[in-house]
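Some notes on the structure that comes next.
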There are 2 protein chains.
Amino acid sequence: MPADDPSTPVSSREPREPRWLSTAERAAWIRVVSVLELLPGALDSQLRRDAGLTFFEYYLLARLSEAPNRVLRMSALAHGTNSTLPRLSHVVRRLEDRGLVERLPCPGDGRATNAHLTDAGWDAVVAAAPEHVGEVRSRVFDGLEPGQVAQLTAICDAVLTTLDTEGRTKAFDGLGADGPTG
Amino acid sequence: MPADDPSTPVSSREPREPRWLSTAERAAWIRVVSVLELLPGALDSQLRRDAGLTFFEYYLLARLSEAPNRVLRMSALAHGTNSTLPRLSHVVRRLEDRGLVERLPCPGDGRATNAHLTDAGWDAVVAAAPEHVGEVRSRVFDGLEPGQVAQLTAICDAVLTTLDTEGRTKAFDGLGADGPTG
DNA sequence: CGGCAGTGGTTGTCGGTACAACTATTCGCT
DNA sequence: AGCGAATAGTTGTACCGACAACCACTGCCG
């Protein structure tokens, strides 16, 4: 319990300890925190309202829709959605109950499970996509100038370097899942 | 249910419907989504591990620590944390159980409640701050060049324009809460 | 070919958030 | 005054995600 002067707000103390945030960094951070708090909620509620899907569910289905044969191993899907296997397992079970996805044992590796996007699942993503993309546009890109899009890409790449221990962001390099090779 | 060619991934179809994302926007968006997914988790787990606090709880306490007399009305606090009153009410109750915050009826407006940061609460934020700031640095700012910090600020401001229906980001302009004026 | 570490997934439980009622106080209007 | 509308918070429920324990299969190594 440091006995610092209690009349001074925590976050604006002098950098006696090295490495407090600079004024410019603080200004940026406050805004980043707001975006982290508000943007997921906005995306979630639009998708919920218009498609009955979570933001996470939507991206899961979208990932599957892009995969060869619309099939991906659970671990590859977890990787591709920046998620964990336990979380994914729960979500996929719910989606399976709704008929949007089905789980098949992976031929060639008895441990693995393949997730397959059903026709109903495909229809659901296709139906949800236009409005979702519209939301992303109106919430994010409409306010940005072209140069800022590139800046944003570079900034996120820099952040993901320390955050994304694997190369999750890098496309699914043909990690096709219908074969045993995995 | 559009009957689009099922062999084409949803997200790379031609812009027959206006307003699909451009290639550059898509590149940016994929990264933004990853950050939205990974960063909160990283911040949460560091704070949980080192201070027993949620990211949200930490920011709530930090906001209170910056307020005059360390007091804020619930609605002002909800506003300042980009949150809702129901959520805040639950969180504050838990923090009150832990002795970090106390709730007092607001003199002058019988409907309102003032949240007050206790000494224990102050100590908790002060103790948690250095490591949390270190985490923010290492996760976000260490990878950025000075120019990118300003870019990030501008980009978030643009996004928050459509997201932040009120001027939440703008500092608590002396919305002091110990008086009835609110 | 038999044990054993490592990999791939699933399940159980708990904490946290959203959403929808519901209560209590204040404000506006006549 | 006094009634209705609006404001400020709280509570209840249901769902989602984190974490830890657990099971099943594979692959290696003697």
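Labels below follow one simple rule: chain letters A, B, ... track the order of the sequence lines, proteins then strands, and each chain is numbered from 1.
First and last contacts of DNA chain C with chain B, using any nucleotide atom under 4.0 Å from a protein heavy atom and ordered 5' to 3', fall at C:dG15 to C:dT26.
Closest non-hydrogen pair, B:His132 versus B:Leu43, comes out as CE1-CD2, 4.2 Å.
Listed by first and then second residue, the salt bridge (charged side-chain N to carboxylate O under 4.0 Å, His left out) pairs that reach into residues 87-97 of chain A are A:Arg87-B:Glu37, A:Glu96-A:Arg103, sequence neighbours excluded. Identified under the side-chain hydrogen bond (donor to acceptor under 3.5 Å, both in side chains) test for residues 141-152 of chain A, with sequence neighbours left out: A:Asp142-B:Arg19.
Note: CG (B:Asp97) to C1' (D:dT10) measures 14 Å, nearest angstrom. In this structure, CZ of B:Arg111 is placed 5 Å from P of D:dA8, rounded to the nearest angstrom. The distance from atom NE2 of B:His79 to atom P of D:dT7 is 14 Å, rounded to the nearest whole Å.
If you check every strand for non-hydrogen atoms under 4.0 Å, A:Thr113 touches sugar and phosphate atoms only. Within the 4.0 angstrom heavy-atom criterion, only backbone atoms of the sugar-phosphate kind lie near B:Ser75; the bases stay farther away.
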Collect all protein-nucleotide pairs involving nucleotides 13-20 of chain D in which both atoms are nitrogen or oxygen and the distance is under 3.5 Å.
residue, atom, partner, partner atom, Å
D:dG17, OP1, A:Arg87, NH2, 3.0

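Ring planes of B:Trp29 and A:Tyr59: tilted class, angle from 30 to 60°.
Under the side chain to side chain donor-acceptor pair (under 3.5 Å) criterion, B:Arg98 pairs with no residue at all, not counting sequence neighbours. For A:Glu131, there are no side chain to side chain donor-acceptor pair (under 3.5 Å) partners two or more places apart in sequence or in a different chain.
Side-chain contact between B:Leu100 and B:Leu53 is present, with at least one heavy-atom pair separated by less than 4.5 Å. Side-chain contact between B:Pro107 and B:Asn114 is present, with at least one heavy-atom pair separated by less than 4.5 Å.
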